[in-house]
Structure formats: C-alpha cells, structure tokens
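Just the heavy atoms: all of them, side chains too, but no hydrogens, waters or symmetry mates, feed the values below.
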Amino acid sequence: MIIIAVLCTQLPLADSLYAHGYYEAARIEYARALLFYPALEQNIETRLHYAISSLRINSTKGIDMLNSLVSDFPELPDSIRAEIATQYILAGRYYLAIHLLHNTEEKRPLGLTYLLDDQFSNARAVFIENGDYALAGLIDQYLQNPQKSERTAVLLSVFLPGSGEVYAGNLGLGVRDFFVNLCSGYLFYNAI
C-alpha cells in the first residue's frame with residue numbers, strides 16, 4: 001500500500017518542486033516518475049519541466065533533452081515552442097531559438113532573439129513584417145550611429161581621466177570624473 005502511495009505522489013511532488021525552484025530535487029523526482037510510468041514520456045508538460053530542471057543543473061544535458069522533445073513532438077503548440085526558445089535563449093543558444101521560433105506566430109520574440117544574436121538586419125525585417133515600426137526605427141537609428149571603441153575610451157581615460165566618458169557620449173559623467181580625480185590628486189599631493 002505504501003509503495004502505491006509513493007508512486008502516485010511522485011509527479012505532483014516533482015511539479016511542486018519545479019514550481020518552487022528546487023530544480024535538482026525536481027529533476028530526480030521527474031526521472032523517478034518517468035521510470036515508473038513510461039506513459040509519461042508522451043506528456044509534453046512533464047518532459048518540458050524535466051528538461052528545464054536538467055538544464056538548470058547541466059546545460060548540455062538539458063539542451064539535449066529539449067532537442068529530443070522538439071524532435072519527438074514536431075507539432076508542438078506555439079506557446080510550448082516559445083517556452084523552449086526562452087530556455088535556449090537563457091542558455092545562450094540563439095541559433096536553436098531562432099530555428100524553433102522561425103515557423104511560429106511568435107514574431108516579436110523571434111526579432112528579439114535576432115537582436116541578441118547581433119543579426120540586426122534580420123531583426124529589423126521581422127519587426128517590419130510584424131508591424132513594429134518603432135522597434136525597426138530604433139534598429140535603424142542604432143546602425144546609423146557610429147560605433148565607439150572601448151579600447152579608445154580606455155586609452156583616453158588613462159591619459160586624461162574622464163575623457164573616455166566624454167568620448168563615449170557621457171559628457172556630464174566625464175566632467176564629474178575629471179574633477180573628482182583632480183580633487184583627489186590635489187588632496188593626495190597636499191598630504192605628501
């Protein structure tokens with residue numbers, strides 16, 4: 001009787017652990033539930049939560065589990081595809097997220113994923129197709145502004161404190177930095 005009670009409580013326990021963020025324990029309970037109930041392999045939500053729990057512990061294994069979920073269920077709903085794509089994005093696998101979102105109605109997340117992957121022209125095209133002309137205009141504005149070099153800003157700051165900030169476009173911060181360094185240098189000089 002106790003064995004039946006233990007077997008029946010594994011999935012709700014795993015779901016509860018997952019919902020509260022205890023991913024290691026949830027992963028163990030999902031693995032146990034899938035071992036005792038092989039029919040759960042056909043449950044998309046259970047496999048998704050198991051894969052996300054595994055992703056939080058071991059990114060390679062979690063990505064493999066998400067990939068197998070996508071290949072086992074080619075007709076996933078767009079909401080599940082968006083959730084899997086979000087996990088790919090959090091893991092830094094932008095190509096996988098783009099590939100997954102490409103055939104869905106989720107155009108805005110697709111455009112944002114293109115932005116994260118530094119594919120500005122693709123992001124702009126997706127935003128225009130989706131009717132987000134404001135975001136497309138921001139991308140155009142960003143691309144038209146000359147890019148500042150971090151190395152140049154650092155070198156300028158080494159020779160004249162605050163000049164790197166002025167170069168980067170932060171005039172107020174650069175002037176403040178210059179005067180703070182000037183005052184600190186003056187106080188240090190007087191202390192010696």
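- To the nearest 0.5 Å, atom CD of residue Q144 and atom CD1 of residue I139 are 12.0 Å apart.
- Side-chain atoms of L138 and Q141, non-hydrogen and from C-beta on, do get closer than 4.5 Å to each other.
- Using a 4.0 Å cut-off between charged side-chain N and carboxylate O, D132 and K107 make no salt bridge.
- Side-chain contact, Q119 with D117: a donor N or O sits under 3.5 Å from an acceptor N or O.
- Side-chain contact between L143 and R124 is absent, with no heavy-atom pair separated by less than 4.5 Å.
- Both L40 and Y50 sit in one connected hydrophobic cluster of ILVMFWY residues. Membership requires side-chain heavy atoms under 4.5 Å apart, directly or through other members.
- Residues I52 and I84 have side chains not in contact (no heavy-atom distance under 4.5 Å, counting atoms from C-beta outward).
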side-chain contact (heavy atoms from CB on, under 4.5 Å) for Y114 and L101? Distances and angles first, verdict last. CA-CA 11 Å; Y114 275 131; L101 289 172; over 6 Å; no

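- Note that CG of N170 is 10.5 Å distant from CG of D177, once rounded to the nearest 0.5 Å.
- Although no hydrogens or angles enter the test, the distance criterion places a donor-acceptor pair under 3.5 Å between the side chain of H20 and the main chain of S16.
- When the side chains of ILVMFWY residues are joined at heavy-atom separations under 4.5 Å, either directly or via intervening members, L110 and L115 end up in two distinct hydrophobic clusters.
- Under the 4.5 Å side-chain heavy-atom criterion for ILVMFWY residues, a single connected hydrophobic cluster contains both I44 and L100.
- Distance check: L13 CG to Y30 OH gives 9.5 Å after rounding to the nearest 0.5 Å.
- The shortest non-hydrogen separation linking R81 to P74 is NH2-O, 2.7 Å.
- With sequence neighbours excluded, no residue satisfies side-chain hydrogen bond (donor to acceptor under 3.5 Å, both in side chains) with R93.
- In this structure, CD in E150 is found 12.0 Å from CG in L155, a value given to the nearest 0.5 Å.
- A 4.5 Å side-chain heavy-atom check between R27 and K61 finds at least one atom pair inside the cut-off.
- To the nearest 0.5 Å, the span separating CG on L160 from CG on N181 amounts to 9.0 Å.
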Just do the side-chain contact (heavy atoms from CB on, under 4.5 Å) check on Y88 and V70 with the steps written out, would you? CA-CA 12 Å; Y88 284 150; V70 170; 4.2 Å; yes

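- Side-chain contact between L96 and N67: present, with at least one pair of heavy atoms (C-beta onward) separated by less than 4.5 Å.
- Minimum heavy-atom separation, A91 to L55: CB-CD1, 4.3 Å.
- Counted by atom type alone, Q87 and R56 present one or more donor-acceptor pairs between their side chains at under 3.5 Å.
- The heavy-atom pair separating L35 from P38 by the smallest distance is O-CD, 4.1 Å.
- Under the 4.5 Å side-chain criterion, counting only non-hydrogen atoms from C-beta, E45 is in contact with I80.
- Of the possible donor and acceptor atoms, one in the side chain of S163 sits under 3.5 Å from a partner among the backbone N and O of L156.
- Two residues are said to be in side-chain contact when any heavy atoms from C-beta on lie closer than 4.5 Å; R47 and F73 meet this criterion.
- Annotation: the span from S68 atom OG to E41 atom CD amounts to 8.5 Å, rounded to 0.5 Å.
- Taking the six-membered ring for Trp and thresholds of 30 and 60 degrees, Y18 and Y23 have ring planes more than 60 degrees apart, a perpendicular arrangement.
- Heavy atoms only, all atoms of each residue included: A26 and L17 are closest at CB-CB, 3.8 Å.
- A 4.5 Å side-chain heavy-atom check between Y167 and S149 finds at least one atom pair inside the cut-off.
- Residues L48 and I89 do not share a hydrophobic cluster, defined by chaining ILVMFWY side chains whose heavy atoms lie under 4.5 Å apart.
- Residue L34 is grouped with residue F36 when hydrophobic side chains (ILVMFWY) are merged at heavy-atom distances under 4.5 angstrom, including chains of intermediate members.
- Annotation: F120, atom CZ; neighbour count of heavy atoms from other residues, nucleotides and ligands within 6.0 Å is above 12.
- In this structure, a donor-acceptor pair under 3.5 Å is absent between the side chains of Y94 and D118.
- Under the 3.5 Å distance criterion, the side-chain polar atoms of S157 are matched with a main-chain donor or acceptor of G164.
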